[in-house]
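We count residues from 1, following the sequence as given. Since we're looking at a predicted model, the values are computed, not measured.
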Amino acid sequence: MTAGTWTSEAQRTGQYADVNGVHLYFETHGHGRPLVLLHGGLGSGEMMDPILPALTADHQVILPDLQGHGRTADIDRPIDIRLMADDIAALIRHLGLEPVDLVGYSLGGGVAFHTAVKHPDLVRKLVVHRPMFAVTPFTPTCSSSRPRWAPPPPSS
């Protein structure tokens with residue numbers, strides 16, 4: 001697989017669920033115990049294609065595109081992992097899958113973590129890899145994006 005196939009040009013077969021005011025795109029792959037797999041920032045569920053065969057051997061993998069990513073449009077609210085966690089919880093309930101195994105990478109790891117903390121009844125197992133909990137401002141550009149991603153750091 002090449003990075004070029006992680007684009008909207010690739011043929012996908014998914015569905016949309018209207019949850020929390022978001023028209024959330026998701027795909028379902030495989031059969032077995034439900035596993036929700038969350039992609040990293042600036043990506044989409046397609047970035048998880050290389051690991052899908054291993055996961056779908058024993059799981060029904062739900063692969064959503066988070067708010068403002070992939071085939072899920074942005075809406076008039078901040079891109080905030082705590083809000084996206086509520087979207088994922090609503091998707092799990094909408095699909096009647098609870099409890100699920102929840103796996104997230106980077107941005108998806110932060111969303112997965114907050115989903116498990118805020119909605120522990122929906123999560124059987126949690127795996128996070130390189131989770132993003134907040135943007136650390138390294139440059140003025142990153143610093144100006146902070147209000148969209150996370151609350152400001154505490155003042156001294």
Side-chain angles (χ1 to χ4, degrees), residues 1-17 19-30 34-75 77-92 94-95 97 100-119 122-139 141-151 153:
M1 167 164 292
T2 66
T5 59
W6 294 354
T7 69
S8 59
E9 296 170 11
Q11 293 296 320
R12 306 301 289 196
T13 55
Q15 305 175 57
Y16 285 88
V19 295
N20 296 340
V22 177
H23 195 56
L24 193 71
Y25 177 84
F26 69 96
E27 297 176 9
T28 305
H29 301 271
L35 183 150
V36 177
L37 182 59
L38 303 178
H39 62 81
L42 305 178
S44 68
E46 293 168 72
M47 72 188 304
M48 299 301 191
D49 282 356
I51 64 171
L52 274 179
L55 296 174
T56 58
D58 297 318
H59 294 89
Q60 175 189 26
V61 178
I62 310 302
L63 197 59
D65 286 350
L66 298 169
Q67 175 195 342
H69 291 76
R71 290 169 179 79
T72 299
D74 202 0
I75 61 171
R77 72 171 193 196
I79 300 284
D80 184 310
I81 57 178
R82 297 161 300 183
L83 298 174
M84 289 189 281
D86 293 334
D87 299 341
I88 297 306
L91 178 65
I92 293 167
H94 172 81
L95 297 174
L97 297 176
V100 301
D101 295 344
L102 185 56
V103 178
Y105 165 71
S106 187
L107 171 69
V111 173
F113 174 81
H114 281 280
T115 303
V117 168
K118 293 174 77 173
H119 309 277
L122 300 180
V123 179
R124 188 177 84 88
K125 289 185 179 180
L126 173 67
V127 177
V128 295
H129 179 68
R130 301 187 70 135
M132 188 207 75
F133 295 109
V135 172
T136 303
F138 293 108
T139 67
T141 303
C142 288
S143 195
S144 66
S145 70
R146 178 173 280 287
R148 289 198 53 153
W149 291 98

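- Scanning both residues, Ala90 and Val19, for their nearest heavy atoms gives CB-CB, 3.7 Å.
- Remark: Arg130 engages no residue in a salt bridge (Lys or Arg N to Asp or Glu O under 4.0 Å) (not counting sequence neighbours).
- The shortest side-chain heavy-atom distance between Met84 and Ile79 falls under the 4.5 Å cut-off.
- Counting only distance, with no hydrogens or angles, the side chain of His69 and the backbone of Gln67 share a donor-acceptor pair below 3.5 Å.
- Once rounded to the nearest 0.5 Å, the distance linking CD of Gln15 with CD1 of Ile62 reads 8.5 Å.
- Between Ile88 atom CD1 and Leu66 atom CG the span is 5.5 Å, to the nearest 0.5 Å.
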Practice task
With side chain to side chain contact (heavy atoms under 4.5 Å, CB included) as the test, would you mind laying out the steps for Asp86 and His119 before giving the verdict?
Solution key: CA-CA 8 Å; Asp86 293 334; His119 309 277; 2.9 Å; yes
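- In this structure, the separation between CE on Met47 and NE2 on His39 is 8.0 Å, given to the nearest 0.5 Å.
- Using a cutoff of 4.0 Å between basic side-chain nitrogens and carboxylate oxygens, Glu27 and Arg71 are not scored as salt-bridged.
- Ring geometry for Tyr16 against Tyr25 counts as perpendicular: the plane angle is over 60°, on a 0 to 90° scale with 30° as the lower cut.
- For the pair Asp80/His114, no side-chain contact is recorded, criterion being any heavy-atom separation below 4.5 Å from C-beta on.
- Considering CG of Leu91 and CG of Leu97, their distance stands at 7.5 Å, rounded to 0.5 Å.
- The minimum heavy-atom distance between Leu122 and Ala89, with the atom names listed, is CD1-CB, 3.5 Å.
- In this structure, Leu83 CG and Lys118 NZ are separated by 6.5 Å, a value rounded to the nearest 0.5 Å.
- Expressed to the nearest 0.5 Å, how far OG1 of Thr115 lies from CD1 of Ile81 amounts to 9.5 Å.
- Across all non-hydrogen atoms, the minimal contact from Gly109 to Pro131 is C-CB, 3.8 Å.
- Here the shortest heavy-atom pairing between Pro64 and Leu37 reads CD-O, 3.4 Å.
- Among all heavy-atom pairs drawn from Arg77 and Asn20, the shortest one is NH1-O, 3.9 Å.
- Just one residue in the list Leu52, Val36, Leu55 forms a side-chain contact (heavy atoms from CB on, under 4.5 Å) with Leu63, and that residue is Leu52.
- Under the 3.5 Å distance criterion, the side-chain polar atoms of Thr72 are matched with a main-chain donor or acceptor of Asp65.
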Exercise for the section: Would you check, one step at a time, whether the test side chain to side chain contact (heavy atoms under 4.5 Å, CB included) holds for Leu38 with Leu102? Expected result: CA-CA 8 Å; Leu38 303 178; Leu102 185 56; 4.0 Å; yes
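- Residue Phe26 comes nearest to Leu95 through the heavy atom pair CZ-CD2, 3.7 Å, listed as atom of the first residue, atom of the second, then distance.
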